[in-house]
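Working notes for the structure below.
One-based numbering along the sequence shown.
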Amino acid sequence: MHSPTEADACAEELRAALAAHGKREATTLELLATPAEVSGVRRALRAYGADVQLCASELVTNVVQHLGEGVPVTVRVWCDDGGRTRLEVSDPDPRALPVLRASVGADEESGRGLALLDALAARWGVAHGPGRGKTVWCELEAGPDGGAVPVVSAGGPGRTATAGRDPR
């Protein structure tokens with residue numbers, strides 16, 4: 001497991017190596033979900049832009065809120081040759097599925113994370129792979145200012161979307 005400091009150091013090495021080659025390779029972070037790790041994930045994914053950072057932050061926060069602190073999480077992000085960015089957050093509980101709420105009251109302190117993800121990503125959902133657990137994923141595309149804009153593309157091999165938004 002990477003601590004926020006280790007994740008920052010790994011991310012810096014990755015950014016330097018990728019800058020030399022002019023592209024971003026896949027980033028994988030393995031961590032225990034805690035509030036402190038959420039900010040570490042945001043820092044580690046800085047090279048992918050604010051929208052990817054926000055989506056990752058919201059998904060890891062959901063693990064903390066709905067499964068508890070200390071749950072093992074894997075965060076994966078990569079860009080394909082077409083400029084699309086895919087973010088995946090995997091946890092060990094296949095039953096705790098994300099639910100997009102129709103509305104959230106102005107006085108409520110939570111419940112907006114998936115609405116933000118839904119607004120930023122053209123596609124998002126939940127995949128149940130061959131092992132136990134689930135992966136919540138979303139896809140975005142780099143815009144002219146480096147921020148993410150929605151994109152529509154096929155899901156990964158061996159994955160089945162069971163929740164979320166898929167415009168196809």
Side-chain angles (χ1 to χ4, degrees), residues 7 11 14-15 18 23-31 33 37-67 71-104 108 110-168:
L14 176 67
R15 278 193 285 276
L18 296 175
K23 65 179 186 175
R24 290 178 276 184
E25 297 293 330
T27 298
T28 300
L29 304 171
E30 294 182 351
L31 54 109
E37 288 285 7
V38 172
S39 61
V41 167
R42 277 194 305 268
R43 284 189 303 274
L45 299 180
R46 187 176 299 132
Y48 290 94
D51 291 347
V52 171
Q53 289 176 293
L54 177 61
C55 290
S57 173
E58 293 300 333
L59 292 176
V60 174
T61 297
N62 281 351
V63 173
V64 173
Q65 288 182 339
H66 299 290
L67 298 181
V71 172
V73 172
T74 302
V75 178
R76 286 179 298 281
V77 185
W78 69 92
C79 299
D80 68 14
D81 290 337
R84 291 177 287 249
T85 301
R86 176 139 172 144
L87 165 68
E88 296 182 346
V89 176
S90 301
D91 68 62
D93 190 336
R95 298 162 298 160
L97 299 175
V99 176
L100 179 61
R101 295 171 60 180
S103 65
V104 178
E108 294 183 61
S110 65
R112 293 173 185 81
L114 283 179
L116 289 169
L117 183 134
D118 188 63
L120 293 172
R123 287 173 26 110
W124 71 273
V126 180
H128 294 272
R132 294 178 30 160
K134 69 176 173 302
T135 299
V136 182
W137 57 269
C138 65
E139 294 176 346
L140 305 106
E141 184 173 344
D145 63 351
V149 295
V151 64
V152 177
S153 68
R159 305 290 180 133
T160 304
T162 58
R165 180 169 63 95
D166 186 346
R168 289 185 292 152

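- Applying the side chain to side chain contact (heavy atoms under 4.5 Å, CB included) test to Pro92 and every residue at least two apart in sequence or in another chain returns Val71, Pro72.
- Using a 4.5 Å heavy-atom cutoff, the side chains of Pro98 and Trp124 are in contact.
- Side-chain contact check for Glu58 versus Leu116: some heavy-atom pair is nearer than 4.5 Å.
- Using a 4.5 Å heavy-atom cutoff, the side chains of Arg76 and Thr135 are in contact.
- Using a 4.5 Å cut-off on side-chain heavy atoms (C-beta onward), Arg84 and Glu139 make no contact.
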Query raised in the report: Please walk me through it: do Leu114 and Asn62 pass side chain to side chain contact (heavy atoms under 4.5 Å, CB included)?
Result: CA-CA 9 Å; Leu114 283 179; Asn62 281 351; 4.0 Å; yes
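- The pair Lys134-Asp91 meets the salt-bridge criterion, with a side-chain N (NZ, NE, NH1 or NH2) lying under 4.0 Å from an Asp/Glu carboxylate O.
- A donor-acceptor contact shorter than 3.5 Å is absent between the side chain of Ser57 and the backbone of Gln53.
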Report task. Start with the C-alpha gap between His128 and Leu97, add the side-chain angles, then the distance that decides, and say whether side chain to side chain contact (heavy atoms under 4.5 Å, CB included) holds. Result -> CA-CA 11 Å; His128 294 272; Leu97 299 175; 3.9 Å; yes
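- A heavy-atom distance below 4.5 Å is not found between the side chains of Thr28 and Val77.
- With contacts defined as side-chain heavy-atom distances shorter than 4.5 Å, the pair Leu87/Tyr48 does not qualify.
- The distance from the NE2 atom of His66 to the OG1 atom of Thr61 is 9.5 Å, given to the nearest 0.5 Å.
- Counting heavy atoms from C-beta outward, Cys138 and Leu120 have side chains that stay 4.5 Å or more apart.
- Within the 4.5 Å cutoff, no side-chain heavy atoms of Val75 are placed close to those of Leu59.
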